[in-house]
Amino acid sequence: NAGVTQTPKFRILKIGQSMTLQCTQDMNHNYMYWYRQDPGMGLKLIYYSVGAGITDKGEVPNGYNVSRSTTEDFPLRLELAAPSQTSVYFCASSYSWNSGNTIYFGEGSWLTVV
Amino acid sequence: ELKVEQNPLFLSMQEGKNYTIYCNYSTTSDRLYWYRQDPGKSLESLFVLLSNGAVKQEGRLMASLDTKARLSTLHITAAVHDLSATYFCAVLNTGNQFYFGTGTSLTVIP
């Protein structure tokens with residue numbers, strides 16, 4: 001019953017460091033997403049993927065990279081971390097638009113850049 | 001780019017009262033979702049609305065969708081403290097991207 005699993009849950013980075021947020025889902029969903037949520041704000045789409053080998057930019061992709069080598073995994077890489085990337089990051093997945101399925105979220109990763 | 005606006009952003013209401021949260025969106029879509037988020041937690045799915053005129057109810061919450069007006073409402077009936085949370089609406093476009101509103105922070109006061 002895992003659903004969407006994200007790691008790590010908490011991380012502190014120094015400016016200029018890099019890291020990867022891991023995300024895996026066991027629901028065989030085609031679509032996967034990375035969102036960021038700044039304090040008191042809604043979610044902004046960073047990147048998304050419609051299937052293995054296919055990724056595309058969302059609203060706020062700058063400073064991030066993704067890959068989708070398998071259906072299950074969708075890691076998010078932060079290169080040269082900046083304080084503006086301090087946020088909560090949510091990975092999510094869904095089946096398909098036509099099915100009307102909702103989107104399932106991971107527990108979130110709290111990232112602080114100092 | 002699809003824009004999703006919610007109002008109010010903050011809502012403080014007494015237990016037992018009724019209120020409505022509004023969600024407007026900027027482009028055509030017939031896929032509208034409502035989520036709840038408790039402080040420090042992830043988002044939990046509440047309702048999935050898939051057609052014009054769709055209405056869903058669960059307990060004290062009822063959601064509706066008017067695709068012609070590009071408007072969804074989340075109505076709260078006889079609020080209780082357990083409903084205190086932040087509520088988000090989200091619209092799904094044909095590219096399967098979910099766009100979220102800014103959220104409505106609801107506090108129910110005893």
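Just the heavy atoms: all of them, side chains too, but no hydrogens, waters or symmetry mates, feed the values below. Each chain gets a letter, A, B and so on, in the order the sequences are listed, and its residues count up from 1. Being a predicted model, the structure only gives us computed values, none of them experimental.
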If you tally heavy-atom pairs under 4.5 Å against chain B, which of A:Gly106, A:Gly40, A:Gly58 wins? A:Gly106
Are [Y] and [X] linked, directly or through intermediate hydrophobic residues, by side-chain heavy-atom contacts shorter than 4.5 Å (ILVMFWY only)?
X        : Y        : value
A:Tyr104 : B:Val48  : no
A:Leu43  : B:Val4   : no
A:Leu78  : A:Phe90  : no
B:Tyr19  : B:Phe47  : yes
A:Tyr89  : B:Phe100 : no

Between chain A and each of B:Tyr35, B:Phe98, B:Tyr99, count heavy-atom pairs under 4.5 Å; write down the option with the most. B:Phe98
Any chance you could measure B:Leu2, atom CG, to A:Glu59, atom CD, to the nearest 0.5 Å? 9.0 Å
Begin from the C-alpha positions of B:Gln37 and A:Phe105 and carry the test side-chain contact (heavy atoms from CB on, under 4.5 Å) through to its verdict. CA-CA 11 Å; B:Gln37 186 180 35; A:Phe105 286 89; over 6 Å; no
Quick one: what part of A:Tyr35 sits under 4.5 Å from any heavy atom of chain B, side chain, backbone, both or neither? side chain
Measure across A:Tyr48 and B:Gln97 and return the closest heavy-atom pair with its distance rounded to 0.1 Å. OH-NE2, 2.8 Å
